[in-house]
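The structure appears right after this line, and notes come after that.
None of the values given here were measured: they were computed from a predicted structure. Throughout, protein chains are lettered first and strands after them, A, B, ... in sequence-line order, and every chain is numbered starting at 1. When reading the values below, keep in mind they use all heavy atoms of this one structure, side chains included, and skip hydrogens, waters and symmetry mates.
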Number of protein chains: 2
Amino acid sequence: MAKTGGYSRAATAPALGSLDFALDRGSPVPLYYQLAQQLEAAIEHGVLAPGNLLGNEIDLSVRLGLSRPTVRQAIQSLVDKGLLVRRRGVGTQVVHSQVKRPLELSSLYDDLEAAGQGPATRVVRNEGVQASADVAAALGVAEGSQVTILERLRSTHGQPVAFLCNYLPAGLLDLDTPRLEATGLYRMMRTAGITLHSARQTVGARCATADEAALLDEQEGAALLTMQRTAYDDTGRPVEYGTHIYRASRYAFDFQLLVRP
Amino acid sequence: MAKTGGYSRAATAPALGSLDFALDRGSPVPLYYQLAQQLEAAIEHGVLAPGNLLGNEIDLSVRLGLSRPTVRQAIQSLVDKGLLVRRRGVGTQVVHSQVKRPLELSSLYDDLEAAGQGPATRVVRNEGVQASADVAAALGVAEGSQVTILERLRSTHGQPVAFLCNYLPAGLLDLDTPRLEATGLYRMMRTAGITLHSARQTVGARCATADEAALLDEQEGAALLTMQRTAYDDTGRPVEYGTHIYRASRYAFDFQLLVRP
DNA sequence: AAGTGGTCTAGACCACTCG
DNA sequence: GAGTGGTCTAGACCACTTT
């Protein structure tokens, strides 16, 4: 057996040893967050390869001049992201990925935007209406009260992809049509200081009606992917209810699930 | 405007004061976890109502005889679940829910099982085959190598709902047909000591072929919801690849998204 | 100014895994 | 038995929100 003095670690830690983490105590960015970012970057760039052990937390904290809880907080945040796995008695290692990239739950931030295909949006309708029963229930307002209805047709490469119908509480947001066509609804909400917290989604399918087919440049009876979504801000109040239809021939939901331990 | 003097707290803390948390230091269950469970139960039963403040962490830790970090760990776990929201300078409050219940990412654990409709499963095929190119790519094995194919028809109330086709690395698991019909695939994996870590899913739609229609008791051309999924264990190795089709008339995916802060 | 959560420290002991 | 992560403590100072 090889000497353990500097070797058992040699197979796993050399990358780490040569990594220079630059921590700035003067920065307003928390130390654990600085460390987490630099670890993530190292994984991203392959400096830390899948399966590599990270070296124990005590050594790490000594080397970095941090306390162990701080180092743990950094590591834990990457475990939560699915980049690292901890095993008691073994160590912390980079997940044998396949995945890395699409870890964020997209589809809350406009689905097509994330697809990176330079989507175009045409606002078909943007006005106040009285809430119907289902809209009122979803938004938690009285039936018949004023809400904003927003209908958008989204295309990529000149071809329609989806028809989005959204309802928002009246006065929640300044829904400037030109800005809506230049960016996504969720981006506008964030800019307006609305912090999204959670959303409830139902994804189904059905065949296109004649009207829907005409709108989306499909044939009647073509398969459509449907989604209903209610989004809530961080106080738990509904900020948006939407009914979307997608051309199944041109779009599918693609996402990553992480299993909570 | 109402007086704010002594009211802001009076309306929020009484429920907590009367809560009796029973912490067992002899238990192998971590203290932070015991506390988190009891807080969750209190929220679940409405003892802590949406909007209620929790009282500051220092007081809580003193009252419970715990250190502040331990109390924070308990609270943080519920924040991660989306049950609580923290605001600096304000406090921690129960999220104005609407949601509470379906916070877990189901659809990893058998989708229909969770629906609570006493699903029935019929194993149509369960044997070894040579991996085709797409299956081999998904499972990370060589094309033509041995894998297990599993085809199941799932029904509720005597009506077919979905046709599930799965591929697994050969020898990963003892796929006993009777047990497969009595429980879900993921439950069998967990029992076998396989820890699921993440999954990549694509959800789409298409129209049923004649064969599919016959199998699912639909008409040709009916809308089907499709899902492809690759699941990974905690070392990042693929443990399952599946292609599923669902009758859109009888099934839809229903899930909750949490936005990471 | 007072109160809150956010961050950080420097230790301690335990439970688990592995050789 | 040696090494790892998991839990826990008792403090400290800071940034932010509200009065």
Sidechain N-carboxylate O distance under 4.0 Å for B:D174, B:R179:
no
Smallest separation among heavy atoms of B:P50 and B:V95, with atom names:
CB-O, 3.5 Å
List in numerical order all residues of residues 26-34 of chain A for which some heavy atom is under 4.0 Å away from an atom belonging to DNA chain D.
none
Would you kindly give the CD-to-C1' distance between A:E57 and D:dG6, to the nearest whole Å?
9 Å
Could you tell me whether the phosphate oxygens of C:dG6, OP1 or OP2, come under 4.0 Å of any side-chain nitrogen or oxygen in B:R72?
yes
Minimum heavy-atom separation for B:N166 and B:G242, please, with both atom names.
ND2-CA, 3.5 Å
Checking contacts here: which listed nucleotide (C:dC18, C:dG5, D:dG6) is nearest the side-chain heavy atoms of A:R86?
D:dG6
Donor/acceptor link under 3.5 angstrom from B:R68 side chain onto base of C:dG6:
yes
Just to verify, what does A:D176 make a side-chain hydrogen bond (donor to acceptor under 3.5 Å, both in side chains) with, not counting sequence neighbours?
none
Do any pairs count as a salt bridge (Lys or Arg N to Asp or Glu O under 4.0 Å) and have a residue in residues 67-76 of chain B, sequence neighbours left out, and if so which ones?
B:E57-B:R68, B:E57-B:R72
Closest contact, heavy atoms only, A:V85 versus B:D234
CG2-O, 3.2 Å
Between B:Q93 and B:R86: side-chain donor-acceptor atoms closer than 3.5 Å:
no
Specify the separation, in whole Å, of atom CD1 of B:I58 and atom C1' of D:dC13.
12 Å
How many whole angstroms separate atom CG of A:L60 from atom P of C:dT9?
13 Å
By nearest heavy atom, map B:N56 and B:P69 onto DNA chain C; which one lands nearer the 5' end?
B:N56
From CG of A:L64 across to P of C:dA10 the rounded distance in Å is 13 Å
Checking contacts here: which listed nucleotide (C:dT4, C:dC8, C:dA15) is nearest the side-chain heavy atoms of A:T70?
C:dC8
For atom CD of B:Q76 and atom C1' of C:dT7, their distance in whole Å
13 Å
Can you tell me which nucleotide in D:dT17, D:dT9, C:dT9 comes closest to the side chain of A:S67?
C:dT9
Expressed as a whole number of angstroms, how long is the span from A:Q73:CD to D:dG6:C1'?
16 Å
Within this structure, what is the CD-to-C1' distance between A:Q93 and D:dG5, rounded to whole angstrom?
13 Å
For D:dT4, does either OP1 or OP2 sit under 4.0 Å from a side-chain N or O belonging to A:T92?
no
Distance check needed: C:dC14 P versus B:R25 CZ, whole Å only.
13 Å
